[in-house]
Amino acid sequence: MKDIRLLSEWIQQSRFTVVLTGAGMSTESGLPDFRSKSGWWKNYDPTTIASVDAMVANYSLFHEFYTMRLKTLAGCSPHRGHYILADWEARGLVHSIATQNVDGFHKAAGSRRVYELHGSLKSIRCSGCGRPGTVEDFLERADCRCCGGRLRPGVVLFGEALPQDAWNSALRDMKKADLVLVIGTSLQVYPANQLPSMTAGKTAFINYEVQGTGSGFDMAVQGKAGEVLAELDRMIK
Ligand code: APR
């Protein structure tokens with residue numbers, strides 16, 4: 001309780017708070033994360049499925065995996081934690097959110113300044129000419145209507161560069177932040193995992209598993225994102 005109360009005070013005192021989220025922010029919405037025991041990478045090898053080589057060499061498996069993720073996403077929606085972060089932005093308690101998540105839930109919950117570091121699952125485009133496609137076309141395994149190329153989700157695959165604007169905005173805000181909240185991420189993936197170290201401000205790690213990853217933060221709060229955010233919100237309101 002001490003830590004959460006102290007963190008609620010930090011949030012209220014901070015003039016520029018930035019949030020970094022990972023897949024643990026969306027598991028309470030019903031979306032699997034990647035590296036927990038129930039995560040996607042327990043059943044799939046990311047290098048053989050979520051990489052450009054995989055997309056080129058084995059489009060069927062690539063298409064099957066992202067079809068499954070799109071269908072899973074269609075049945076899920078933001079949870080109270082996403083709405084609390086959007087409310088905190090509206091009240092000036094949060095400046096921006098840099099997210100590794102591709103589910104679009106922060107924007108769907110009303111957050112406006114969201115930097116999607118790994119892109120967005122529902123933004124389909126042609127892997128050949130780059131023109132946008134539709135989720136329906138992708139699910140039906142249709143080819144690009146312009147060039148006949150293969151359609152793909154607009155997510156950053158392993159080995160691809162992050163969207164420059166999102167990265168630059170996240171880096172800019174991290175450097176200005178006097179408080180960074182890191183929520184629901186194992187911080188295993190570069191370069192997103194470098195962002196918390198870019199701030200001179202205080203850092204707080206909110207995660208279901210805090211051993212190891214939580215070290216090096218000014219504060220580590222063990223718990224579920226939605227529950228911890230709701231507790232913080234009750235203290236701040
Ligand atoms: N509340 C808080 N933390 C949670 C919750 C929850 N409800 N559920 C899971 N977690 C924690 C897990 O314990 C784990 O430490 O969230 C973390 C999720 O870590 P990962 O599964 O590694 O997800 P993430 O860090 O977002 O992965 C980064 O890896 O595969 C790539 O592109 C993919 O964006 C992803 C990136």
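One-based numbering, in listed order, for ligands and for the atoms of each. No experiment lies behind these values; they were computed from the predicted model shown.
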S.K.: For atom 27 (O) of ligand 1, what is the closest protein heavy atom, and at what distance to 0.1 Å?
M.R.: R35 NH1, 3.0 Å
S.K.: Going by the side-chain contact (heavy atoms from CB on, under 4.5 Å) test, name the single residue among T17, V94, V19 that passes it with W88.
M.R.: V94
S.K.: Taking the side chain as everything from C-beta on, heavy atoms only, tell me whether L20 gets closer than 4.5 Å to L181.
M.R.: no
S.K.: Flag yes if more than 12 heavy atoms outside R145 fall under 6.0 Å of its CZ atom; otherwise flag no.
M.R.: no
S.K.: Among A225, A23, G184, G119, which residue places a heavy atom closest to atom 23 (O) of ligand 1?
M.R.: A23
S.K.: Please state whether A50 comes within less than 4.0 angstrom of ligand 1, counting heavy atoms only.
M.R.: no
S.K.: For atom 10 (N) of ligand 1, what's the nearest protein heavy-atom neighbour? Residue, atom name and distance, please.
M.R.: G24 CA, 3.5 Å
S.K.: In terms of residue, atom name and distance, what is the protein heavy atom nearest to atom 9 (C) of ligand 1?
M.R.: D33 OD2, 3.3 Å
S.K.: Out of F205, F34, Y190, whose heavy atom sits nearest atom 33 (C) of ligand 1?
M.R.: F34
S.K.: Below 4.0 Å from any atom of ligand 1, is there a heavy atom belonging to F158?
M.R.: yes
S.K.: Please name the residue in the list F62, F65, F34 that meets the ring-ring contact (aromatic ring centres under 6.0 Å, His included) test with Y44.
M.R.: F65
S.K.: For atom 14 (C) of ligand 1, find the nearest protein heavy atom and state the residue, atom name and distance (0.1 Å precision).
M.R.: N207 ND2, 3.9 Å
S.K.: Using a 4.0 Å heavy-atom cut-off, say whether V189 meets ligand 1 through its side chain, its backbone, both or neither.
M.R.: side chain
S.K.: If you measure every N/O of T185 against every N/O of ligand 1, is any gap under 3.5 Å?
M.R.: yes
S.K.: Out of the candidates Q100, H106, H82, only one should pair with T21 under the side-chain hydrogen bond (donor to acceptor under 3.5 Å, both in side chains) rule; please name it.
M.R.: H106
S.K.: If we set the cut-off at 4.0 Å for heavy atoms, which region of H118 has an atom near ligand 1: side chain, backbone, both, or neither?
M.R.: side chain
S.K.: Taking the side chain as C-beta and beyond, is there a heavy-atom pair between P153 and V102 under 4.5 Å?
M.R.: no
S.K.: Heavy-atom pairs closer than 4.0 Å: do any link ligand 1 to the side chain of W40, the backbone, both, or neither?
M.R.: neither
S.K.: Which residue owns the protein heavy atom closest to atom 28 (C) of ligand 1, what's the atom, and how far is it?
M.R.: Q100 OE1, 3.3 Å
S.K.: What protein heavy atom sits nearest atom 30 (O) of ligand 1, and how far off is it?
M.R.: W41 NE1, 2.8 Å
S.K.: Side chain, backbone, both or neither: which applies to T27 and ligand 1 if a contact is any heavy-atom pair less than 4.0 Å apart?
M.R.: side chain
